[in-house]
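To start, the structure under review is shown below, and the notes come after it.
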Amino acid sequence: MKRIIALIMALVSLFCVTSVSAGAQGVEDGTVTVTVNETVFIFDADTTEEFRDKFIEDYFNSEDDGTTSYGLTCTLFGHKIETTSVTAVTHKVLSTSPRCRREIYDVDNCTRCDYTKSTLITSSYIVCCA
Ligand SMILES: [Zn+2]
Ligand SMILES: [Zn+2]
């Protein structure tokens, strides 16, 4: 009987450890970092992977093709906008210090369709790479 209780206790403690570590994952100081070539994108941890991919795609393809599709609900009631800020640091843009460029964007993102609109808030050069 004691062995069964010990086994249950072991299982319970194992479960507790597992659930605690699962809860800590993905929160990592509240940001998600994606690196593409010399550019490092810093997103809020609560953005979706889809949102991050789209932002990065738009960042490198800056011409507006105007093919934004509206969901039917958005056509009737307007977009359901959530705004998040994204930081993009591009390393070694210039040949002399400060060499790296930091841009901060406000991104309006519709939670119902794939509408997004990025607004550049600040762009500055920072002392970073030697
Ligand atoms: Zn929408
Ligand atoms: Zn740098």
Side-chain angles (χ1 to χ4, degrees):
M1 192 60 189
K2 264 194 172 161
R3 281 184 64 180
I4 292 169
I5 290 168
L7 187 67
I8 291 169
M9 291 302 288
L11 281 173
V12 166
S13 60
L14 191 71
F15 178 76
C16 289
V17 170
T18 314
S19 59
V20 166
S21 62
Q25 266 178 14
V27 184
E28 294 162 23
D29 76 8
T31 59
V32 174
T33 303
V34 181
T35 305
V36 182
N37 301 323
E38 296 287 0
T39 306
V40 179
F41 297 94
I42 303 159
F43 296 94
D44 274 5
D46 60 4
T47 53
T48 62
E49 193 175 345
E50 193 185 2
F51 170 83
R52 295 193 289 268
D53 286 350
K54 189 169 193 310
F55 181 85
I56 291 168
E57 199 188 307
D58 288 352
Y59 182 87
F60 289 111
N61 302 289
S62 50
E63 74 271 26
D64 193 350
D65 59 8
T67 57
T68 304
S69 60
Y70 281 50
L72 178 63
T73 318
C74 295
T75 311
L76 294 173
F77 302 109
H79 294 299
K80 191 172 180 229
I81 298 291
E82 278 185 1
T83 305
T84 183
S85 94
V86 179
T87 303
V89 176
T90 306
H91 293 294
K92 300 174 185 173
V93 177
L94 302 178
S95 53
T96 54
S97 182
R99 297 187 65 186
C100 306
R101 186 180 64 213
R102 181 175 61 197
E103 296 161 314
I104 298 171
Y105 290 87
D106 263 358
V107 185
D108 289 340
N109 176 40
C110 180
T111 57
R112 282 193 299 239
C113 70
D114 62 1
Y115 171 86
T116 60
K117 182 172 156 293
S118 305
T119 309
L120 182 63
I121 302 301
T122 66
S123 176
S124 56
Y125 285 88
I126 55 171
V127 177
C128 168
C129 298

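Counting starts at 1 for both ligands and their atoms, following the listed order.
Seen from the Zn ion (ligand 2), atom SG of Cys129 and atom ND1 of His91 lie 110° apart in angle, a value rounded to 10°. Between the SG atom of Cys100 and the SG atom of Cys128, the angle taken at the Zn ion (ligand 2) works out to 110° after rounding to 10°.
Proximity of Val93 to Tyr125: side-chain heavy atoms (C-beta onward) are separated by under 4.5 Å at one or more points. Between Pro98 and Ile126 the shortest side-chain heavy-atom distance does not fall below 4.5 Å. Considering only heavy atoms from C-beta on, Phe55 stays 4.5 Å or farther from Thr116 through its side chain.
Taken together through direct or relayed side-chain contacts under 4.5 Å among Ile, Leu, Val, Met, Phe, Trp and Tyr, Val86 and Phe60 form part of one hydrophobic cluster.
Taking the Zn ion (ligand 1) as reference, the nearest N/O/S atom within His79 carries the name ND1.
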